[in-house]
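Please read the structure below before turning to the comments.
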Amino acid sequence: MKFNKNLESIKTYEAGKPIELVVREFGIDSKDIVKLASNENPLGCSPKVIDAVGAILSKMALYPDDSMIKLKNALSTRFGVENENIIIGSGSDQVIEFLIHAKASSESKILMNSITFAMYEIYAKHVGANVIRTTSQEHDLDEFYKLYKEEKPEIIFICTPNNPTGDALDAQKIYDFLDKIDSNTLVAIDGAYMEYAIAKDSAKEIAVEELIKKYDNVIYLGTFSKAYGLGGMRVGYGVADLKIIQELYKLRPPFNITTLSLEAASVALEDEEFVEKSITLNLEQMKRYEEFAKERKIDIINSYTNFVTLCLNSNQNSTKISNQLLQKGMIVRDLSSYNMNAIRVTVGTHEQNSRFFGLVVQFL
Ligand SMILES: *Cc1c(COP(=O)(O)O)cnc(C)c1O
């Protein structure tokens, strides 16, 4: 059977291996498995979310509130924008899908960093668009600008902090860059890890309200999957000028967010204490990774996220080491598919991280 030609060159996205798979493949008891592969919150989510979701389970028979008013109100208060500036997606992944489908076609070019979130390219390929990448590992906005001038891309992705490397740009540098971009080029700023970045260095914080007021060609993306601990609920959002949101809405399937997910995200946003606790733990435990890397003479990228990227030495092989860890029930992310001899490890609880250090030293 023949399928859409655009799909031919797509490599199916490899999600972090689920615990269930390791149970099946290696016969390891699920309580002995530690997953530090998908940048989930090791503390889970706010207990208030669990109570709130539990209280509305009986509403499952009804379709969700498709206006998403409760969550939109919470987000608009958080960011100081109007409800009409917000679109909610089944993960911010879905908003990325909408924006590419809304703006790009097979004649388009989409500009992104050499190493960045893999889904940008996959959605770009859906529509047959051409992916243009920078060469430097970290976002170099001078190089972005040079390629913007040469290639005239339809969309530019800036991922700050970047996944899977963890580095982040100063917000001012992004504003200076945006000043030079014409208003027909859509710039997506993906802040999936922004909560962690702000806690480490406030210069990384994007002022979302001012951003979308000043630039009507910019969309800011956020998610509940990381600091809020709701990866399993699939909720993300985009904030932009009304004209962009209206176009994205044309692509949104009805009821794309479940009743339980809407409730979970609304309540999660209000429990700032939980997020602060998560961030404090992350900063504290991150130091242990930095010390570990220093002791073992491994390069670690300065991270503004809840994960660390360990760039291994040439006598160490990231694929081999992640497989050896997997067989011991420790799931991390091998970055060989990004052409890096590196592993990405989500910063876990004290115990999970100790377990990682204890295991990985056997394989380095
Ligand atoms: C995790 C992540 C997302 C989206 O996650 P969702 O679970 O789909 O909300 C988006 N961008 C980056 C860079 C991420 O790491």
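Counting convention: from 1, in listed order, for ligands and their atoms alike. Any value given below was found using the heavy atoms of this structure, including those in side chains, with hydrogens, waters and symmetry copies removed. FYI, the numbering just counts along the sequence from 1.
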Exercise for the section: Could you walk me through whether Tyr237 and Phe79 pass the ring-ring contact (aromatic ring centres under 6.0 Å, His included) test, one step at a time? Expected result: CA-CA 12 Å; Tyr237 52 88; Phe79 290 114; 5.6 Å; yes
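- Protein residues having a heavy atom under 4.0 Å from any atom of ligand 1 are Gly91, Ser92, Asp93, Phe117, Cys159, Asn163, Asp190, Ala192, Tyr193, Thr223, Ser225, Lys226, Arg234, listed by chain and number.
- Considering Ile158, Leu186, Ile189, Ile212 as possible partners of Val218, the one that fulfils the side-chain contact (heavy atoms from CB on, under 4.5 Å) test is Ile189.
- Between Glu121 and Lys125, at least one side-chain nitrogen of the basic residue sits less than 4.0 Å from a carboxylate oxygen of the acidic one, meeting the salt-bridge criterion.
- Among residues two or more places apart in sequence or in another chain, the side-chain hydrogen bond (donor to acceptor under 3.5 Å, both in side chains) test is passed with Asn317 by none.
- The distance between the ring centers of Tyr193 and Phe307 falls below 6.0 angstrom.
- Ion pair Asp241/Lys213 not flagged as a salt bridge, since none of the NZ, NE, NH1 or NH2 atoms sits closer than 4.0 Å to an Asp/Glu carboxylate oxygen.
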